[in-house]
Structures are given as C-alpha cells and as structure tokens.
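In each ligand, atom 1 is the first atom listed, and ligand 1 is the first ligand listed. Residue numbers count from 1 along this sequence.
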Amino acid sequence: MSHMLIIGGGLAGGTAAEALREEGFDGDITIVAAEPHPPYQRPPLSKGYLAGSEGMDAVILHPADWYAERGIRLVSGVAATALDPAAHTVQLADGSGLHYDTVLLATGATPRMIPLPGHELPGVMTLRRLDDSQTLAAELRGGGRRLVVIGAGWIGMEVAATARGFGNEVAILERDDVPLAAALGPEMGEVFRTLHLEHGVDLRTSVAVERITGSDRADGVVVDGETLPADLVLIGVGAAPDTALAEAAGLDILNGVLTDAALRTSAPDVYAAGDVANPFHPVLQRHLRSEHWANALNAGKVAARAMLGMPASFDDIPYFYTDQYDLGMELSGYAPLMADAELVIRGDLAAREFVAFWVDAADSSGRGRVVAGMNVNVWDVNETVQSLIRSGERVDAERLRDGDVPLDSL
Ligand code: FAD
C-alpha cells in the first residue's frame, strides 16, 4: 500500500493530510512534526490566543484523536533530519527511519534573528510557535510590563496591539522610515503608524537599534544612543523559509524550495507547500513565495491532489489579513507588482474605512489593471476585489475611486 509522508505539522501539512483523505486516498499517511502538538495554525498566536479571547480549539486544526480516527499517524515532537529522494527514505531525530512513496515538505519558516549584542539574553524572544505565544501571554496579560518590539512588521504590530490591550507600555523600533513599508508602501504604512500612535505606542521609525542591555535578563534596548527600559524584547524582523532538509537533499532552492505550479520540487515524488515553498505562479509567470495563512491552507489542498496524480495547479491570488485594535484588514494581490502601481482610494482614509487599490500603468485612455486591493474596516468586498485582480481587465480609476459605483459593475 502506498505511503504518503508529510513533514511539518503546521497548516499546510495538516491541511494536506486532511485533503488526502477527502480525495479518497485510503493508503498510509504519516505526519512528522517537530513540535509536540497536533497540526496548528499561527494567526491566533499574536491575536486572540495571545489575548486569551480564543483557546486551543482556535489554534489546532483538529484534536489528536481526529487523526487517529482517520488512520493518519501523527509523529509529534520529532524532527525529520535527512531526506533521501533516491531511496525514498527519511531519517528522524529519534534514530528511526521511514520509507515513503510520496513526500510533502511543509516545514514552514523560522523567525530571523538580528545578531545584536544581548540578543541571547533571557527576555529576548521571537514569536512563531505556540510555546512562544504562551510565554508572551504569561508576561503580558497582567499588564504593567514594558515591551520593546524590534521591527514594525505584521507580527510586531499585532503583538503591540494585543499588549496595549492589557495596558502594557509598548515601544516599536523600526529601521525603515515607515512601518510595514515593505508590505504596503509608504502611504498605507502611514495608516498603521497613526493607528499605533493613537493607541499610545511609542513607535519610532528610521532608528538604529544598537544593543540589548542586561546581565542575567534583558532590561533595556539602546536605540540611537538612548536606552529604553524593557521587561521583554520581541524581535519581529521576518522569517526565512525552513529549507535545511531540502537543501541537504540536493533540491533546487531559491528563496524557498522551488516547485512548479503543481508544487512538485526538482526531486521525483517530493512536493513542497506553504511558507517553505516558492512555487511557479502560472498567472504571473514567475515564482511567488507567500508567507500567509491562506497560502498554506490552499496550497496544502493542491499538494494533496498533485500527490495523488490528480490535475493540480496552484494559482491563488495571495491573501493576507490582520486585526489590530479596532482595525480589521484584508489584502489580496500580487506583491511583486504593487511597488510600481498607482494607489487609488475608495472610501474614508482618515476614518480608516476604505478600500485601497493598486492599479498598474494606465493605457492611453487612463485605464489600468488592479494588481492588489486592501479593504480596511470594509467587509464583504474581498471576493469582488479578487475577481477584479483575476480578470486582468482595465478599469477606470475615477470609477474605482467613486464609492457610488458598485465594485462589481466596473
Ligand atoms: P508552519 O506553520 O511554520 O509549520 C511548519 C511546521 O513544520 C512547524 O511546526 C515546524 O516546527 C515543522 N518543521 C520544520 N522543520 C521540520 C522537520 N525537519 N521535521 C519535522 N517538522 C518540521 N498569516 C496571515 O495570512 N494572517 C495573519 O494574521 C497571520 N498571523 C500570523 C501570526 C503569527 C504569530 C505567525 C507566526 C504567522 C502568522 N501568519 C499570518 C502567517 C501564517 O501563519 C503562515 O503563513 C503559516 O503558518 C504557514 O504555514 P506552514 O504550514 O507553511 O508552516
């Protein structure tokens, strides 16, 4: 009987296992997961779970017995240490080995660390794992702590918002001149700067962090010569795809594990999905790696079909969401095309109730294509935004801006 092996117990791995059964596969499935939990998703770790408004049921995809009932073997708390694509074998950290017919690499990403003096002190952390979120929760939920976040990216900003909700003092230190500039560009980054300043965050941009101070525990961060006292330091400067296993196995790697649109890697019977994969995007005609929840969810399903030899192509428009204070946002679009696009706003920017569109170079009649769209505190438009992007049809910027023109009539 054929054996499907999944390495990584995150959203991509867990979803792929579920989809294999849903597609009718009745052979052996094993998930090898380095963390000691059933497969789980990460967005609540900086939001509801961290805040205590959501429990474990919002984090784990299914309880452990769900897998057992479906004949899916969970090997939790054990990392895969070597992959041999020619022999179709995987070695595990406990010394055991597994033979597979088809394997999915769903190893995710690892937070980047900046080698600042003091970064190894207790009290300096990153946030990726459930255990990290539990540590942060224990520190922040009582309030009255001083949190310094290094990096104004999504995770840092979300934790800052949650921490402020408990009355902690929060500073965010960012090297760029605008928060989230890499993800959203300067104008939309400013929306998030104002949001955090209004909620009492000491958000500083264009700063150089020099070191973290403390003898047996972090007690401050030196930034541009000034020491900010800290009870806790969170480093949120992005994540790198966890390609160690694939690299050692000789797979093609470039900003993640390279795959075709069916999520096949350069080695036979080896697939990759989620944060670790850099798939070829058939619409964009280039590789596009996405580190988002919806990517892991949907790529996991596509990988399952591809592993079963069914027609499969992953051409999703990247989708991301965030919740910070009273702001909810959804962003859909092709990030590589956003930098050169014109921003068109529909709605009330100052009130933070709007949809922003990124529109690429207009033709002679002033009509361009929507390459990305972000709805902020405006709901039930994401599907329309996605269809506008997918259609590739040219739209009139004035009509796009005009809130009286229904979006689906453009
Ligand atoms: P992961 O979830 O990283 O899972 C990979 C798993 O593989 C890990 O458990 C890892 O331990 C394991 N692993 C690695 N190597 C091995 C090995 N050799 N052997 C066995 N196991 C291994 N996205 C959004 O769109 N919206 C959000 O609001 C949002 N919030 C987020 C908040 C936080 C705090 C974080 C960390 C991420 C957030 N994301 C969000 C991103 C989203 O969670 C990720 O894109 C998603 O988790 C990727 O899933 P994955 O399955 O590819 O990888």
Name the one of Val355, Leu343, Leu184 that satisfies side-chain contact (heavy atoms from CB on, under 4.5 Å) with Met374?
Leu184
The side-chain contact (heavy atoms from CB on, under 4.5 Å) partner of Ile6 among Val32, Leu20, Ile72, Thr30 is Leu20
Between the side chains of Asn377 and Glu353, is a donor N or O closer than 3.5 angstrom to an acceptor N or O?
no
For the residue pair Tyr325 and His199, categorise the inter-ring angle as parallel (less than 30°), tilted (30 to 60°) or perpendicular (more than 60°).
parallel
Under the side chain to side chain contact (heavy atoms under 4.5 Å, CB included) test, residues paired with Ser53 that sit two or more places apart:
Ala51
So which protein residues pack against ligand 1 under 4.0 Å, heavy atoms counted?
Ile7, Gly8, Gly9, Gly10, Leu11, Ala12, Val32, Ala33, Ala34, Glu35, Arg42, Pro43, Ser46, Lys47, Ala79, Ala80, Ala106, Thr107, Gly108, Ala109, Leu127, Arg128, Ile155, Glu158, Asp242, Gly274, Asp275, Glu291, His292, Trp293, Ala296, Phe320, Tyr321
Ignoring hydrogens and geometry, is there a side-chain-to-backbone donor-acceptor pair from Asn278 to Leu288 under 3.5 Å?
yes
